[in-house]
Amino acid sequence: MTTTPTESPEAATPPPGSGPATKTARTATKVSQGHRRLLTRRDRLTLGLMAGLPTFLHVALVWVTALASIALAFTTWDGIGFDSIKWVGLDNFKELFTNNPQFWPAVEHNIVWFVVLILIPTPLGLFLAVQLDKNIRFSRVYQTAFFLPVVMSLAVIGFVWQLIYNPDTGLINSLIGANEPGHYIDWIGDPDLNLWAILIAASWRHAGYMMILYLAGLKGVDPSLREASALDGANEWQTFKNVIFPTLRPTNTVVLVVTIIEALRAFDLVFVFNKGAEGTELLSILVTNNIIGESSRIGYGSAIAVVLLVISLAVIIPYLIATFRKERQA
């Protein structure tokens, strides 16, 4: 007959500090101590500087200056001492809309800038994207060549095209034989030609930008849509028109917003060519000339900047609302 050994109550009771709850607490303590070791005081200071300094610069250089510009739009100030700031209400805007002979031509030129960019380089960029999406030979080389003007500074592009438009030794006049005395074509000095000449340079750059945007959109098209269209007997043009292009609607929205912003912030090329004179007035040029020009009418220039800001927000805000609405629905 065998007897089953029984444990005494003292043996069955676990020693203090060895229960599951105690082990969990010890594990949590070790984890918290590990986190403390990972983020030392120096690390927290470094992270604070890395996050705080860019935030401070962004707020100071973007938001503070924007709000200050809006406030100064209702004042008159020559930029010398804060004591000379005087509140004038809406007088700057009244003068801008009624007594400034350059304002409405500048608005017209910005509109022309947008129309040209949306009608010429945008379809050209779409055409280039469609061709490069076919994975032709040396497609990477072509992409680099077409996108190169986008990564170049607009000031550099302006200097390059100045050489091309030079009336004496420029490429265009040399090709058409207009570089001889008495037959010069002044592409930059002629008010009837200079805006269009600058727009050609802007279109050269904008086409590469649009090509990249559309190429990214085409890469996201489901290949099964192309296969289904081919099975239905559609040719290449019919497939693009009825299948591919409708799927590019989000890309088209981005392209439209980007083109409007490009047209509104156009400045560098015009300033390099002729500083916005003789038929190339733009809103951005008027802002610069009034704020840092000889007259230094900071309040008046700020009023023009506010008009430019309102036009920009009228385009950007609906786009952001539509984007956030799609994200919520998804």
Side-chain angles (χ1 to χ4, degrees), residues 24-73 77 79 82 85 140 143-144 146-158 205-206 208-217 219-220 250-251 253-269 271-272 283-284 287-288 291-292 298 301-302 304-306 308-330:
T24 305
R26 288 179 178 177
T27 304
T29 303
K30 291 180 179 179
V31 171
S32 62
Q33 290 176 353
H35 280 295
R36 290 175 183 174
R37 294 193 189 100
L38 289 176
L39 292 178
T40 63
R41 182 177 181 181
R42 182 178 180 180
D43 294 336
R44 290 194 293 268
L45 179 60
T46 302
L47 290 176
L49 290 175
M50 292 175 62
L53 187 59
T55 302
F56 172 77
L57 292 176
H58 176 77
V59 172
L61 299 179
V62 177
W63 289 101
V64 173
T65 54
L67 295 176
S69 180
I70 294 174
L72 289 173
W77 185 32
F82 294 104
I85 300 178
R140 296 295 183 183
Q143 289 182 31
T144 303
F146 293 136
F147 191 68
L148 183 61
V150 182
V151 300
M152 292 174 58
S153 169
L154 284 170
V156 174
I157 294 176
R205 177 184 181 274
H206 195 71
Y209 194 4
M210 297 297 101
M211 178 200 70
I212 292 298
L213 292 179
Y214 275 118
L215 190 59
K219 295 299 183 183
T251 305
T253 303
V254 174
V255 165
L256 178 63
V257 173
V258 168
T259 304
I260 294 175
I261 293 175
E262 287 288 323
L264 291 175
R265 73 182 189 93
F267 172 80
D268 308 69
L269 282 176
F271 195 81
V272 169
L283 290 176
S284 57
V287 173
T288 304
I291 291 181
I292 64 175
I298 295 180
S302 298
I304 304 175
V306 168
L308 190 57
L309 175 64
V310 171
I311 297 174
S312 302
L313 293 178
V315 177
I316 296 173
I317 290 178
Y319 169 72
L320 294 177
I321 292 175
T323 302
F324 292 148
R325 187 175 299 170
K326 289 181 181 178
E327 292 181 354
R328 291 178 179 176
Q329 293 176 353

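One-based numbering along the sequence shown.
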Fill in the blank from the handout: With sequence neighbours left out, the residues meeting ring pair (Phe, Tyr, Trp, His ring centres under 6.0 Å) with F271 are F267
Fill in the blank from the handout: Heavy-atom nearest pair, V150 first then Y209, reads CG2-N, 3.3 Å
Completion exercise
Interatomic distance, NE2@H58 vs OG1@T55, rounded to 0.5 Å, equals 8.5 Å
Exercise for the section: Indicate the ring-plane relationship of W77 and F82, choosing parallel, tilted or perpendicular according to the 30° and 60° boundaries. Expected result: parallel
Practice task
Supply the atom-to-atom distance L72 CG to L67 CG, rounded to the nearest 0.5 angstrom.
Solution key: 11.0 Å
Exercise for the section: Under the side-chain contact (heavy atoms from CB on, under 4.5 Å) rule, collect the residues that match up with L308, sequence neighbours excluded. Expected result: L264, L283
Problem - Any V254 side-chain heavy atom under 4.5 Å of Y319 side chain - result: yes
Practice task
Indicate whether any N or O donor in one side chain lies under 3.5 Å from an N or O acceptor in the other, for D43 and T46.
Solution key: no
Handout entry: side-chain contact (heavy atoms from CB on, under 4.5 Å) against S153, all qualifying residues, sequence neighbours excluded
Key = A155, V156
Completion exercise
Looking only at heavy atoms, the pair that brings Q143 and M211 closest together is O-CE, 3.8 Å
Exercise for the section: Check whether any side-chain heavy atom of V151 sits under 4.5 Å from a side-chain heavy atom of L148, and report yes or no. Expected result: yes
Problem - side-chain contact (heavy atoms from CB on, under 4.5 Å) between V315 and L256, worked out - result: CA-CA 10 Å; V315 177; L256 178 63; over 6 Å; no
Practice task
Check side-chain contact (heavy atoms from CB on, under 4.5 Å) between R41 and all other residues, then give those that pass, not counting sequence neighbours.
Solution key: R44
Exercise for the section: Tell me, please, which residues at least two apart from T251 pass side-chain contact (heavy atoms from CB on, under 4.5 Å). Expected result: Y214, L248, V255
Exercise for the section: Could you tell me the separation between the CE atom of M210 and the CG atom of L213, rounded to the nearest 0.5 Å? Expected result: 4.5 Å
Practice task
Using the test ring pair (Phe, Tyr, Trp, His ring centres under 6.0 Å), find all partners of F324 that sit at least two apart in sequence or belong to another chain.
Solution key: none
Practice task
Give a yes or no on whether the backbone of T65 and the side-chain of S69 come within a donor-acceptor separation of less than 3.5 Å.
Solution key: no
Practice task
For the residue pair L269 and I157, establish whether any side-chain heavy-atom pair is separated by less than 4.5 Å.
Solution key: yes
